[in-house]
Amino acid sequence: MIEVSYSPSQLEQKWYQLWSESNIFTRKVSPQKSSCTILIPPPNVTGILHMGHILNNTIQDVLIRRARQKDRSAFWIPGTDHAGISLQIKMEKELAKQQLTRYDVGREAFVELAQEWRQKHGSIILEQLEKLGVSCDWSAIKYTLDPDYSHAVLFAFVKFYQQGYIYRGLRLINWCPVSMTALSDEEVIMRQQNSFLYYIKYEFVEQPGEFLVIATTRPETIMGDVAIAVHPSDKRYQNFIGLHCWRPIVREAIPIIADEAVLQDFGTGALKITPAHDIVDFEIGQRHKLDAIGVIDKNGKLNTFAGPEFAGMDRFEARKKVAEYLNTQGLLLREEACVNNVGFSERAGVPIEPMLSEQWFLKYPCVEEAKLVVQKGLIHFCPERWAKTYMHWLENIKDWCISRQLWWGHRIPVWYRKGTDRNDTENWHISVDGPEDPENWEQDEDVLDTWFSSAIWPLATLGWPDEKMMNTMNFNYFYPTADLVTGPDIIFFWVARMIMFSLHLLDTPKMLLSEEGEGDEEEIRATRPYDSSQEVQSPEPVSFDSELNTSLESEWKSKGDYLLEKYIPFKNVYFTGIIRDHLGRKMSKSLGNSPDPLDLIEKYGADGIRIGLLSMAPNGQDILFSEDRVAQGKKLCTKLWNSFRFRQQNSMEVDRSSVGVIIERIDVHDLEADDIAVLGKLLNTINEFEEAMDDYEFNRAVQILQTFFWNHYCDWYIEVSKSRINNTVLAIHDFILYQLLLLFHPFIPFITEELWHAHGYGTGFLAEELLESKEQLCKYLSKIDLSRVEELIKEIELVQNLVVAARGLKAQFGLSAARDVRFYFKAEGMAKEIVACHLRDIKHLLWTQFFEETEEGLELPVEIVELGTLYINMAGSLDVGAEKRRLRQEIENLERLIAINKKKLQNEDFLERAPEGVIEGAKKLLGENVEKKEELEAIFLRLSAIE
RNA sequence: GGGCGGGUAGCUCAGUUGGUUAGAGCAACUGGUUUACACCCAGUAGGUCGCAGGUUCGAGUCCUGUCCCGCCCACCA
């Protein structure tokens, strides 16, 4: 028996513990079953649980629980990310509290400190996720700095290097002066800034006393100027090309050059060229073989090249001072307010400094292949439109700066022979394990971009590249994974890179076999004992895009999609929306508009928040959060709880331990239209629900279930069944509730599990119960004649409409539900029979003893429904005037509709061109409305006679 | 500058290949303890489908233009 009131927190804790103790979420390998693997997007160890996590992980949990229900081998791999730059910043802040920098404590101690922090706090976020009910296989938990994971990262690096994908080079990179590290292009976000455009006079060397005016937003880089560029066809400047100007600070002659990249209509059309601090300038500099003079140091302060007056000054301070200085020299013509885009460091929140620097770069592997697998639908994006964003990025892809000047992360596995020239590759040692004589070498100081290690998440979580580990983890069975659930904001950071990395790193047969690597494709297959992909439907063949590289096309055609499918890291990518507040603003700490999920769980239960959030998550659109919806989620749970309490008020001395025995309790002779109709509706609901789930439309799926449960089952079936509780009816309740628990379970696992046991549905966990297919359900129900089910559903709808109309009449006259009013009903033929058949229910639902048939029209308030004409007789007096006004309005409304329909049916074009069904429908409607109107008019006349 | 979303009831959203009178939930309002549930039940009201054209017998839906809002990409110093 169930408790009187539903209190989520206790039962949620209880069931999570029981599930965990029974290890029911631990993966099981069974060759007969297909596998369904989901990789958690590893949260940062520094992260705190926010609404995005809740949505994201609820969806994953729903998918993985559904997979279990469908008898697939489910495997949800949890883990965390070491969060390179983020944790480093955090640790530096900690140190700063003690007036220390990382250099004070040294590299080793600093890393140790970070490790300690991670030990202490790193799993908090996962513990918080447990409260949500996530059914991860905790025995497979992975952390991106685990020894085996680190090994995999270095292995990938070495492999890429050996194959020529990784190189070291001097490039203009994005430098963050606060974190003191290089960043990738993706980590730079552009922000609109209110700046000033400074117009500065440069004196001609060849024509003293005459000036060339340039406009710049960055006067502090003047000392790095090496040229002035104009557009070659700019008439204003053509005569000056080849002449020189004096650089106004750190005076030196610099040439005037011509380059197409200069825009004539911006500023003065003359551009100062500072190759060391601007990407465009850098490119122009390369074309003209100009030197690059760096004047800003890594800490954002000007260096000695900036001259004694400015050396050591912060770059923003210097901007003002340089402008002031130029002004005193009469070289600042004017300054003009302007709006421009400035690149900011995503993490540190300060403008990045383009800087010339020696870094490690990765030339992306398998770019074309990565495009192809998405284009061909082998990897399916949901919503599909994100594929465009993905393609666009891949088409414009540039080499990736993967080195970071941080201490926290995977240290680059490159060693230089002590005391030798680092620029000479002869002096390099690159391997996973390092040189055998480490005392003679020093390791590269840099670590890898965190996203480099994230890119091998699908591989390293399953034991790659170690063959033994891969066998232990059943790599060949669980890879490729099924669904990736993530936000579209990390398409480039993560999704695209995982695809490229997986394709490349796996597509190299050598690596899967031996170090010598003589294997071919057949041997790879041989290392894969189970083939889950064969049970999965292949995507429809898609015709090749003509734009694609044709040689690649034929190569891939010969390999076949079969092989390809084994290398992709996942089959579907579901992109969630971003959760915003009710004003549409992004949730952020600084705005304080983000509710604490744990508070919400406390208040509404994990089940409530799960289903509430899903019900407000339209497919692929941002989500406007409202606590109200979460409250509704809890209400749904309460309603479910109470529906069981209703059932338990009636005889419980019956067997409920399986669907079979429940069905056995049904006596087919006791069945009435309502029973069959509700079963039919349930089957229809399951169909629609499955369809919505197949399309990843979770909010629709939830809504479909809820409508059946609340409106059809509770509001109608429970109510009508109250007047005829018998064994058959109770069995039907038990059957429907059984199915509802199964269907709702992936969304609200805790309460359904509790009710499952409290109602004696079985001894095992609901979480392990399989979902029956519609065919199986029909088989169970085979003793019931379902041939007329649609007809009966329609019949019930007609009765419902009658009841609604009658309630409407009552409400209109302000009659309390309990007051016994009299109804009269005029019907003919079938309608008459139907009403007679449902008379008991109708009386019960209208709370009346008096519902009589009448042959003739009455002078009473009236409603006309499909089944016939309904009159209400209130004991008191009737306000004839008011009633006539009501009728008049109704008649006018009908007249309007009749006019529309008549006009349509008089239109010859319509009759000629519209499909027959539409014309028939219009005719039928017209007929019904005319009939209804005539009847109302007759009543109107009779009422007039009374008056 | 390019690309992608979105604009339907006070709010959040549905609305299938164009086809009867555009739907749901919440909020509002009215009434109500009946074999579970007031976290409930019954009912009422509320809409020029952003705007303007076009195609069509027929447009929320298709086409063109346009205006807002939001993202993403791009080297206008």
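In what follows, chains are A, B, ... by sequence order, proteins preceding strands, each numbered from 1. Quick caveat, the model's predicted, so the values are computed rather than measured.
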Any donor-acceptor pair under 3.5 Å linking the side chain of [X] with the backbone of [Y]?
X        : Y        : value
A:Asn642 : A:Arg645 : no
A:His277 : A:Ile296 : yes
A:Thr268 : A:Ala270 : yes

Which whole-number value in Å describes the distance from [X] [atom1] to [N] [atom2]?
X        : N     : atom1 : atom2 : result
A:Asp841 : B:U35 : CG    : C1'   : 15 Å
A:His759 : B:A36 : NE2   : C1'   : 12 Å
A:Ile898 : B:U20 : CD1   : C1'   : 14 Å
A:Phe709 : B:C39 : CZ    : C1'   : 12 Å
A:Leu755 : B:C37 : CG    : C1'   : 13 Å

Counting the atoms with a prime plus P, OP1 and OP2 as sugar-phosphate, which does [X] contact under 4.0 Å by heavy atoms, base, sugar-phosphate, or nothing?
X        : value
A:Lys639 : base
A:Leu911 : nothing
A:Cys637 : nothing
A:Pro488 : nothing

Taking atom types as modelled, find out whether [X] and [Y] have a side-chain donor-acceptor pair closer than 3.5 angstrom.
X        : Y        : value
A:Glu186 : A:Trp393 : yes
A:Glu627 : A:Tyr604 : yes
A:His733 : A:Tyr713 : yes
A:Asp185 : A:Trp400 : no
A:His231 : A:Asp259 : no

Inset, instruction - Report the residue (A:Gly921 or A:Asp715) whose heavy-atom-nearest nucleotide on RNA chain B is the more 5′ of the two. - result: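 Its nearest nucleotide being more 5', the pick is A:Gly921.
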Inset, instruction - Using heavy atoms to find the nearest nucleotide of RNA chain B for A:Gly808 and A:Ser723 separately, return the residue whose nucleotide is more 5′. - result: A:Ser723
Legend entry - Distance test, side-chain N/O of A:Trp710 to OP1/OP2 of B:C40, below 4.0 Å: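 It does not, given that no N or O in the side chain of A:Trp710 lies less than 4.0 Å from OP1 or OP2 of B:C40.
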Inset, instruction - May I ask you to evaluate whether A:Lys388 reaches the phosphate of B:G3, defined as a side-chain N or O under 4.0 Å from OP1 or OP2? - result: no
Legend entry - P gap between B:U55 and B:U64, integer Å: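 Approximately 15 Å lies between the P atom of B:U55 and that of B:U64.
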Legend entry - Cation-pi geometry met for A:Arg610 and A:Phe747 (6.0 Å, 45°):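 No cation-pi geometry.
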Legend entry - Check: A:Glu719 side chain, B:A36 base, donor-acceptor under 3.5 Å: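 In this structure, the two groups form a donor-acceptor pair.
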Could you list the protein-to-nucleotides 21-29 of chain B atom pairs, N/O on both sides, closer than 3.5 Å?
from	atom 1	to	atom 2	distance (Å)
B:G25	O2'	A:Gln632	NE2	2.7
B:C26	O2'	A:Asp628	OD2	2.8

Inset, instruction - Compare all side-chain heavy atoms of A:Thr685 with those of A:Phe709 and state whether any distance is below 4.5 angstrom. - result: no
Legend entry - Salt-bridge present (A:Glu797, A:Lys681; N to O < 4.0 Å):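 Salt bridge between A:Glu797 and A:Lys681, a charged N being under 4.0 Å from a carboxylate O: yes.
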Inset, instruction - Any chance you could list the contact pattern along nucleotides 67-73 of chain B? Use B for base contacts, S for sugar-phosphate-only contacts and - for none, protein heavy atoms under 4.0 Å, 5' to 3'. - result: ---S--S
Legend entry - Ring center gap for A:Phe381 and A:Trp386 short of 6.0 angstrom: no
Quick one: which protein N/O atoms are closer than 3.5 Å to N/O atoms of nucleotides 75-77 of chain B? Pair and distance per line, please.
from	atom 1	to	atom 2	distance (Å)
B:A77	O3'	A:Thr217	OG1	3.4
B:A77	N6	A:Leu263	O	2.6
B:A77	N6	A:Phe266	O	3.4
B:A77	N1	A:Leu263	N	3.1

